[in-house]
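Encoded as structure tokens, here's the structure I'll be asking about.
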Amino acid sequence: MNTFERLQVINKELENYDTQLIAVSKTKSVEEILEVYKEGQRHFGENQVQELNEKYDKLPNDIIWHQIGSLQRNKVKYIAPYIGVIHSVDSLKLLQEINKQALKAKRIIDCLLQIQISDEDTKSGLDYADTIELLRSDEYQEMKNIRIIGLMGIASNTPNTKMIKEEFHDLKVLFNGIKESFFRNEDSFKELSMGMSSDYKIALEEGSTMVRIGSLIFGARDYSKN
Ligand SMILES: *Cc1c(COP(=O)(O)O)cnc(C)c1O
């Protein structure tokens with residue numbers, strides 16, 4: 001299959017859902033991204049700030065860039081002027097830095113809180129108690145230049161689809177609870193970023209509004225090239 005056909009298969013799958021496709025282009029070249037862009041795709045996801053900056057400079061400016069990987073606080077300033085959505089907010093301190101840099105850039109930056117939903121401790125994210133504490137904190141209440149628009153999670157890397165389904169389901173339940181407790185009157189809190197190439201169909205069934213798909217669109221990543 002070529003790029004067009006691969007995108008078509010995924011978009012066909014998404015037709016029945018109100019879900020945004022984010023094409024995860026990490027490690028892929030500007031040329032490869034342009035091929036996908038030419039098919040109409042506008043949302044792209046990256047996880048390395050330097051790589052993202054280089055691509056931002058070279059690619060059309062109607063692309064909406066999503067920061068999907070863990071983000072170091074000292075790098076926020078490089079993406080604050082243009083980033084569309086930051087999916088990987090996993091601490092109050094990171095959120096404070098985003099707020100500070102957004103203020104400097106005279107912007108309001110949309111953020112998702114990354115929630116730990118798998119058992120794997122390699123995957124970062126807030127747990128339930130951290131999330132509540134963050135949302136209740138005075139520091140958060142005072143932030144004017146960020147907007148939390150939902151939650152993000154990465155399921156366990158396992159062939160056990162029942163387990164993946166449960167993890168996504170738990171995230172949806174948490175989302176509903178947080179919506180009710182903290183964002184009842186805020187229509188912008190509506191995003192649930194979950195699902196990747198291997199598990200996006202399960203994520204769609206569980207209520208995902210943003211799927212982050214890389215290898216299924218671009219082919220497998222070859223890290224040895226970098
Ligand atoms: C790389 C990455 C993806 C995409 O992974 P694929 O398996 O290639 O679809 C999605 N989300 C995050 C956070 C990633 O780092």
Side-chain angles (χ1 to χ4, degrees), residues 1 3 5-14 17 19-29 32-33 35-36 39 41-53 55 63-72 75-76 79 83-91 94 98 110-126 149-161 163-165 167-168 171 175 191-226:
M1 276 200 273
T3 311
E5 288 161 340
R6 287 197 293 251
L7 267 174
Q8 219 181 16
V9 169
I10 298 165
N11 280 321
K12 184 103 191 110
E13 197 78 45
L14 293 182
Y17 301 90
T19 304
Q20 182 68 57
L21 171 62
I22 296 158
V24 176
S25 49
K26 60 193 187 194
T27 79
K28 298 299 172 181
S29 68
E32 287 169 295
I33 296 172
E35 228 182 287
V36 175
E39 302 298 345
Q41 179 66 29
R42 290 296 178 271
H43 291 258
F44 289 87
E46 290 281 337
N47 69 345
Q48 299 282 346
V49 166
Q50 195 186 337
E51 187 178 338
L52 175 52
N53 273 330
K55 288 173 177 172
I63 289 180
I64 297 149
W65 291 101
H66 296 248
Q67 167 69 33
I68 60 166
S70 65
L71 176 60
Q72 287 170 359
K75 298 204 171 147
V76 173
I79 60 170
I83 197 72
V85 183
I86 298 178
H87 289 234
S88 44
V89 175
D90 58 1
S91 72
L94 176 58
I98 297 169
D110 284 343
C111 296
L112 302 169
L113 297 178
Q114 184 174 347
I115 310 295
Q116 166 88 49
I117 57 169
S118 76
D119 292 336
E120 298 156 40
D121 36 76
T122 50
K123 284 175 183 153
S124 55
L126 299 155
I149 60 166
L151 305 179
M152 179 270 216
I154 303 172
S156 297
N157 185 7
T158 168
N160 183 346
T161 53
M163 182 172 169
I164 295 170
K165 199 173 170 65
E167 289 173 356
F168 286 151
L171 184 57
F175 172 90
E191 306 295 351
L192 198 45
S193 167
M194 57 186 198
M196 320 187 359
S197 292
S198 59
D199 57 20
Y200 78 98
K201 289 182 188 174
I202 307 172
L204 288 173
E205 286 171 19
E206 295 304 324
S208 172
T209 69
M210 289 177 163
V211 286
R212 311 176 309 270
I213 299 182
S215 40
L216 213 58
I217 297 173
F218 291 98
R221 283 178 293 276
D222 181 0
Y223 285 99
S224 65
K225 278 197 295 191
N226 288 36

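Numbering of ligands and ligand atoms starts at 1, following listing order.
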Answer yes or no: is there a donor N or O on one side and an acceptor on the other, between the side chain of Thr209 and the main chain of Leu192, under 3.5 Å?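 Here the side-chain-to-backbone pair exists.
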Near Glu5 CD, under 6.0 Å, is it more than 12 heavy atoms from other residues, nucleotides or ligands?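 Enclosed.
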Any residue meeting salt bridge (charged side-chain N to carboxylate O under 4.0 Å, His left out) with Glu167, in chain and number order, not counting sequence neighbours: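 Once residues adjacent in sequence are excluded, Glu167 has no partner under the salt bridge (charged side-chain N to carboxylate O under 4.0 Å, His left out) criterion.
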Are any protein N/O atoms closer than 3.5 Å to the N/O atoms of ligand 1? If there are, list each pair with names and the distance to one decimal place.
unit_1: ligand 1; atom_1: 8 (O); unit_2: Ser215; atom_2: N; d: 2.7
unit_1: ligand 1; atom_1: 8 (O); unit_2: Ser215; atom_2: OG; d: 2.9
unit_1: ligand 1; atom_1: 8 (O); unit_2: Arg221; atom_2: NH1; d: 2.8
unit_1: ligand 1; atom_1: 8 (O); unit_2: Arg221; atom_2: NH2; d: 3.2
unit_1: ligand 1; atom_1: 9 (O); unit_2: Ser197; atom_2: N; d: 3.0
unit_1: ligand 1; atom_1: 9 (O); unit_2: Ser197; atom_2: OG; d: 2.5
unit_1: ligand 1; atom_1: 9 (O); unit_2: Gly214; atom_2: N; d: 2.8
unit_1: ligand 1; atom_1: 11 (N); unit_2: Arg212; atom_2: NE; d: 2.9
unit_1: ligand 1; atom_1: 15 (O); unit_2: Lys26; atom_2: NZ; d: 2.6

By salt bridge (charged side-chain N to carboxylate O under 4.0 Å, His left out), which residues pair with Glu13, not counting sequence neighbours?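 Per chain and number, Glu13 pairs via salt bridge (charged side-chain N to carboxylate O under 4.0 Å, His left out) with Lys201.
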In chain order, what residues pass the salt bridge (charged side-chain N to carboxylate O under 4.0 Å, His left out) check against Lys75, with sequence neighbours excluded?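 Once residues adjacent in sequence are excluded, Lys75 has no partner under the salt bridge (charged side-chain N to carboxylate O under 4.0 Å, His left out) criterion.
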So, the side chain of Arg212 versus the backbone of Met196: is there a donor-acceptor pair under 3.5 Å, distance only?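 Checked: no pair found.
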